[in-house]
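Report on the following structure.
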Amino acid sequence: MVIHDIQDAARILAEGGVVAFPTETVYGLGADALNAEAIAKVYALKGRPANNPLIVHVASIEMARSVTSQWSETADKLAQAFWPGPLTIVVPRHERVPEIVTGGGETVALRMPAHEMARGLIETFGRPIVGPSANASGSISPTLAAHVTQSLGEGVPVLDGGPCERGIESTVVRVDQSSVSILRLGVIGRDEIARVVPVVDAPAQNAGDPLPSPGMLTRHYAPRTPTRVVEAGDVAGVLAEHPRAALISITPTNLPGSIAMPADASSYARRLYAALREADAMDADLILVERPGGIGPIWDAVRDRLCRASADH
Ligand code: TXA
Ligand code: MG
């Protein structure tokens, strides 16, 4: 069910309900970040594993400070430089944040979205809200209100804010002392962050270690149809073997069932998830994606998502 009024959406949150909301990256599934019962509904609707923590969305740095036990100078520099915007900052959790938000962990992920409707909703509600991408766990994130309904059903109210401008999820960084490490690639790249605070590599994982960011499982953002990403030069060969494939490519083709992608990074990212959904709806036996070769943080994030979309089950 699509709604247009921020007041209506805020009322649903105040009643302990769930409402999807637009951000500049993807649509989020909102609930009161301090209400454990409301948050349980978010996990249930998404079918999300309980150990995968949620991002808490705030409308001000003051609100961010209210949900962390340590707002360091490093966190503050990042927020001053990149908020509102697609950067999520992982900091120590304040005890008033229910454990269900943080997957039982001692850190909390915070982000101030750039979309005016998102901030308007948080301000009207007056408290922070959780916002995982508003899709069933593991599947493609929604970049239109209609995608939310396709993924989660008519029962979930969606505040319609139009198409998401960025199209892929926020960059996630963890703050450790005076440096940060990148847990999820996004449109804000390492070099841009390194101009503000030192960036170190995330510590190597040993078997059995708790996951640094449980959402970073390999298979994610995935269509139902098997998906393969190949170099431009290999597209024709794979198509010869899979004549019923749906092709997503920048290189123009006149094949029926092919989706033409824009050549610039921002436009490609904005279009990516909708293109994967369209290809998934074509009844093809394979989604074939021509691997984009561009250089820069947005292309890196796009290739990261394509890699996860095409990973084995
Ligand atoms: O752009 C976005 O970030 C969107 C919009 C709606 O804001 N939200 C989003 O949420 O992508 P979600 O839940 O789909 O992805 C959140 C990611 C997951 O990979 C999760 O594991 C990680 O952030 N995360 C959340 N809390 C964390 C924490 N305390 N420590 C490490 N990783 C965390
Ligand atoms: Mg997600």
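Read the numbers this way: they start at 1 and go in the same order the structure lists the ligands and their atoms.
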Within the 4.0 Å heavy-atom cut-off, what V26 brings close to ligand 1 is both
Give yes if a backbone or side-chain nitrogen or oxygen of Y27 is under 3.5 Å from a nitrogen or oxygen of ligand 1, and no if not.
no
One finds that the ligand 1 atoms under 4.0 Å from a non-hydrogen atom of N52 are 18 (C), 20 (C), 21 (O)
NZ/NE/NH1/NH2 to OD/OE distance under 4.0 Å, D191 and R195 = no
Atom 30 (N) of ligand 1: of V90, N51, L110, the nearest heavy atom sits on V90
TODO: Evaluate the ring planes of F21 and H57, with Trp represented by its six-membered ring, and classify them as parallel (under 30°), tilted (30 to 60°) or perpendicular (over 60°).
DONE: perpendicular
- Task: Apply side-chain hydrogen bond (donor to acceptor under 3.5 Å, both in side chains) to the pair E290 and T251, showing each step before the final yes or no.
- Result: CA-CA 8 Å; E290 174 195 53; T251 307; 2.4 Å; yes
Note: ligand 1 atoms sitting under 4.0 Å from heavy atoms of P132 are 10 (O), 12 (P), 13 (O)
When rounded to the nearest 0.5 Å, the distance separating CD1 of I129 from CD1 of I55 is 12.0 Å
So the atoms of ligand 1 within less than 4.0 Å of a heavy atom of A109 turn out to be 25 (C), 26 (N), 27 (C), 29 (N)
Contact region, H57 to ligand 1, non-hydrogen atoms below 4.0 Å, reads side chain
Query raised in the report: Does CD in E123 sit with more than 12 non-hydrogen atoms of other residues, nucleotides or ligands closer than 6.0 Å?
Result: yes
- [ ] Using distance alone, decide if ligand 1 has a nitrogen or oxygen within less than 3.5 Å of any nitrogen or oxygen in G131.
- [x] yes
Is the Mg ion (ligand 2) less than 2.8 Å from an N/O/S atom of S141, whether that atom is in the backbone or a side chain?
-> no
Logged contact type for R166 with ligand 1, heavy-atom cut-off 4.0 Å, is neither
Pair R111 + E169, salt bridge at N-O below 4.0 Å:
no
Counting from 1 in the order shown, the ligand 1 atoms closer than 4.0 Å to a non-hydrogen atom of G28 are 6 (C)
Backbone or side-chain N or O of R184 under 3.5 Å from ligand 1 N or O: yes
- Message: I'd like to know if R303 pairs up with D300 as an ion pair, taking the criterion as any Lys NZ or Arg NE/NH1/NH2 lying under 4.0 Å from an Asp or Glu carboxylate oxygen.
- Response: yes
Taking only non-hydrogen atoms of S170 and a 4.0 Å limit, the atoms of ligand 1 in range are 1 (O), 2 (C), 3 (O)
Inset, instruction - Say whether T102 and ligand 1 are in contact under the criterion: heavy-atom distance to a ligand atom below 4.0 Å. - result: no
task: Answer yes or no: does an N/O atom from T25 fall short of 3.5 Å to an N/O atom of ligand 1?
output: yes
Does G105 have a non-hydrogen atom less than 4.0 Å from ligand 1?
no
The answer for which part of R93 has a heavy atom under 4.0 Å from ligand 1 is neither
Heavy-atom proximity to atom 12 (P) of ligand 1 ranks first, among P142, S133, G103, for S133
Heavy-atom closest pair (I168 atom, V302 atom, distance to 0.1 Å) is CD1-N, 4.3 Å
Heavy-atom proximity to atom 13 (O) of ligand 1, picking from E24, R48, E169, K46, points to R48
**Q.** Basic-acidic side-chain contact under 4.0 Å: D201, R190
**A.** yes
Closest non-hydrogen contact found for P142 with H147 is CB-CB, 3.5 Å
From the list V90, V180, V91, I182, side chain to side chain contact (heavy atoms under 4.5 Å, CB included) partner of R174 resolves to V90
Logged contact type for T107 with ligand 1, heavy-atom cut-off 4.0 Å, is both
Exactly one of V197, I188, L87, T88 clears side chain to side chain contact (heavy atoms under 4.5 Å, CB included) with V173, and that residue is L87
